Amino acid sequence: MSTEPWVTAEHVAQHLGVAKDTVYRWRERKGLPAHRVGRLWKFQLSEVDEWVRAGGADEDQGRENKEAD
């Protein structure tokens, strides 16, 4: 049985073509799936891809949150 590896925020950023800071911002503000392992945040690309397909990275979602503040 093959298990999916856990990857770093830097790897996720490269995978999505965004800055590493964006990955951390999305984790904090938009619910990008991540798991804490000690002091580090780790990700599974299948969860990240599913989150993106479900609209998690949509800009509209961020604007709605800002308007509510």
Side-chain angles (χ1 to χ4, degrees):
M1 181 174 141
S2 174
T3 59
E4 182 179 355
W6 294 96
V7 298
T8 63
E10 185 172 338
H11 190 107
V12 173
Q14 288 177 329
H15 178 71
L16 296 176
V18 299
K20 185 171 72 169
D21 289 344
T22 300
V23 172
Y24 285 119
R25 191 175 329 108
W26 284 347
R27 180 199 56 79
E28 189 175 308
R29 298 181 186 167
K30 293 189 169 194
L32 176 66
H35 305 272
R36 188 119 191 206
V37 179
R39 307 178 326 148
L40 306 174
W41 286 100
K42 296 291 183 168
F43 305 81
Q44 288 194 319
L45 293 180
S46 63
E47 291 180 350
V48 171
D49 289 342
E50 185 177 323
W51 178 81
V52 169
R53 284 187 190 100
D58 287 350
E59 289 296 320
D60 291 341
Q61 186 182 41
R63 283 190 214 121
E64 288 172 7
N65 290 341
K66 286 181 182 177
E67 290 173 5
D69 288 342

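Treat the numbers as computed from the prediction; the structure is a model and nothing was measured. Quick note: residue numbers are just sequence positions, from 1.
Taking the six-membered ring for Trp and the full ring otherwise, His35 and Trp41 have centroids separated by 6.0 Å or more.
Separating the CG atom in Leu16 from the CG atom in Asp49 is a distance of 7.0 Å, to the nearest 0.5 Å. The CZ atom of Arg27 sits 13.0 Å away from atom OG1 of Thr22, with the distance rounded to the nearest 0.5 Å. Note: Gln14 CD to His11 NE2 = 7.0 Å, rounded to the nearest 0.5 Å.
Here the shortest heavy-atom pairing between Leu32 and Val23 reads CD2-O, 3.6 Å. The two residues Arg39 and Arg36 make their nearest non-hydrogen contact at O-NH2, 3.6 Å. Minimum interatomic distance between Glu4 and Ser46 (heavy atoms only, all atoms of both residues): OE1-OG, 2.6 Å. Nearest heavy-atom pair, Lys30 versus Asp58, reported as atom, atom and distance to 0.1 Å: NZ-O, 2.8 Å.
The same ILVMFWY cluster, assembled from side-chain heavy atoms under 4.5 Å apart, contains both Val52 and Val18. The hydrophobic clustering, which links ILVMFWY residues whose side-chain heavy atoms are closer than 4.5 Å, places Trp6 and Phe43 apart.
Without hydrogens or angle criteria, Glu10 side chain to Lys20 main chain gives no donor-acceptor distance under 3.5 Å. Arg53 contributes no side-chain N or O that, together with a main-chain N or O of Gly55, makes up a donor-acceptor pair within less than 3.5 Å.
Taking 4.5 Å as the limit, some side-chain heavy atom of Thr8 sits within range of a side-chain heavy atom of Lys42.
Taking the six-membered ring where tryptophan is involved, the planes of Trp26 and Trp51 are tilted, since the angle between them lies from 30° to 60°.
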